[in-house]
2 protein chains.
Amino acid sequence: MKNRLKVLRAERDLTQAQLADLLNVSRQTINAIEKGKFDPSLPLAFKAARLFGLSIEDIFEDEVVE
Amino acid sequence: MKNRLKVLRAERDLTQAQLADLLNVSRQTINAIEKGKFDPSLPLAFKAARLFGLSIEDIFEDEVVE
DNA sequence: TCTTTATGTCAAGTAAGCTTTACTTAAAGA
DNA sequence: TCTTTAAGTAAAGCTTACTTGACATAAAGA
């Protein structure tokens, strides 16, 4: 699943570590999500959406499977 | 995390098993999510939103942790 | 050059999402 | 009463999300 975290971070001048702190996850988790290694949990997606003042759909892009 | 799956199902006259099929998960998964046993993954939340023609935020309600 | 900061990655472990199988209960119809 | 259907639940196992700790690299500044 694609996401706009890197850009949203850049717009706010946040490092991966700072974003991780704000979302109460590890830096490695942010890195892995940005790199597409895995998808965030739904609660984490909600947290990120709230933090950035956006909807989940604005941040994460679902690829339609079929 | 609260959700409106049961009501959305009822509005469309779907059983848990039918919804499970439509979302490609097991009936037990739907039951567990409806009963609040665990949260769906983000991909599953996207699927449900697409199926019902709603946003994730319309279906799942995040409780603000702090 | 030396140090610091940000990012990337890996390995091992825990926790949560999800599966299959199976049993139980309640409601409704024949 | 017997059967069927929907819902609830539980155990065991697999997969994925996430953790901590560690190491590597590149860029930038003193």
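Convention: sequence-line order gives letters A, B, ...; per-chain numbering from 1. Side chains are part of it too, since the values below use all heavy atoms of this structure and drop only hydrogens, waters and symmetry mates.
For B:Asn31 and D:dA7, the shortest distance from a side-chain N or O to OP1 or OP2 is not below 4.0 Å.
No side-chain heavy atom of B:Leu19 sits less than 4.5 Å from a side-chain heavy atom of B:Leu8.
In this structure, CG on A:Leu22 lies 6.0 Å from CG on A:Leu14, to the nearest 0.5 angstrom. Taking CZ from A:Phe60 and CD1 from A:Ile33, the interatomic distance works out to 6.0 Å, rounded to the nearest 0.5 Å. Taken to the nearest 0.5 Å, the CG atom of B:Leu44 stands 9.0 Å off from the CG atom of A:Leu42. Interatomic distance, B:Ile56 CD1 to A:Ile56 CD1, rounded to the nearest 0.5 Å: 5.0 Å. In this structure, A:Ile30 CD1 and A:Lys35 NZ are separated by 14.0 Å, a value rounded to the nearest 0.5 Å. In this structure, CZ on B:Phe46 lies 8.5 Å from CD on A:Glu61, to the nearest 0.5 angstrom.
Distance, B:Glu34 CD to D:dG8 P: 7 Å, rounded to whole Å. Whole-Å rounding puts the A:Ile30 CD1 to C:dT7 P distance at 11 Å. Rounded to whole angstrom, the span from the CD1 atom of B:Ile33 across to the P atom of D:dG8 amounts to 13 Å. Put simply, CE on A:Met1 is 13 Å from C1' on D:dT16, counting in whole angstrom units. Distance B:Leu42 CG to D:dT16 C1': 13 Å, rounded to the nearest Å. Per the geometry, CG belonging to B:Asp21 stands 11 Å off P belonging to C:dT19, to the nearest Å. Regarding B:Leu19, its CG atom lies at a distance of 13 Å from the P atom of D:dG8, rounded to whole Å.
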Letter by letter from the 5' end, nucleotides 20-30 of chain D scores (B base, S sugar-phosphate only, - none; protein heavy atoms under 4.0 Å) BBB--------
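Every salt bridge (charged side-chain N to carboxylate O under 4.0 Å, His left out) that A:Arg9 has, sequence neighbours left out, goes to A:Glu34. Partners of B:Thr15 by side-chain hydrogen bond (donor to acceptor under 3.5 Å, both in side chains), not counting sequence neighbours: none found. Under the side-chain hydrogen bond (donor to acceptor under 3.5 Å, both in side chains) criterion, B:Ser41 pairs with no residue at all, not counting sequence neighbours. With sequence neighbours excluded, the residues forming a side-chain hydrogen bond (donor to acceptor under 3.5 Å, both in side chains) with B:Asn31 are B:Gln16, listed by chain and number. Residues that satisfy the side-chain hydrogen bond (donor to acceptor under 3.5 Å, both in side chains) test with B:Asp58, not counting sequence neighbours, are B:Ser55.
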Report all interatomic pairs (protein N or O, nucleotide N or O of nucleotides 15-17 of chain C) with separations under 3.5 Å.
residue: C:dG17; atom: OP1; partner: B:Asp39; partner atom: N; Å: 3.4
residue: C:dG17; atom: OP1; partner: B:Asp39; partner atom: O; Å: 3.3
residue: C:dG17; atom: O5'; partner: B:Asp39; partner atom: O; Å: 3.4

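Contacts classified as salt bridge (charged side-chain N to carboxylate O under 4.0 Å, His left out) and involving residues 11-21 of chain B (residues at least two apart or in different chains) are not found.
Less than 4.0 Å separates DNA chain C from at least one heavy atom of each of the following residues of residues 7-18 of chain A: A:Arg9, A:Thr15, A:Gln16.
Rotation axes derived from the C1' atoms of the five outermost pairs at either end of the helix from C:dT1-D:dA30 to C:dA30-D:dT1 lie 20° apart, to the nearest 10°.
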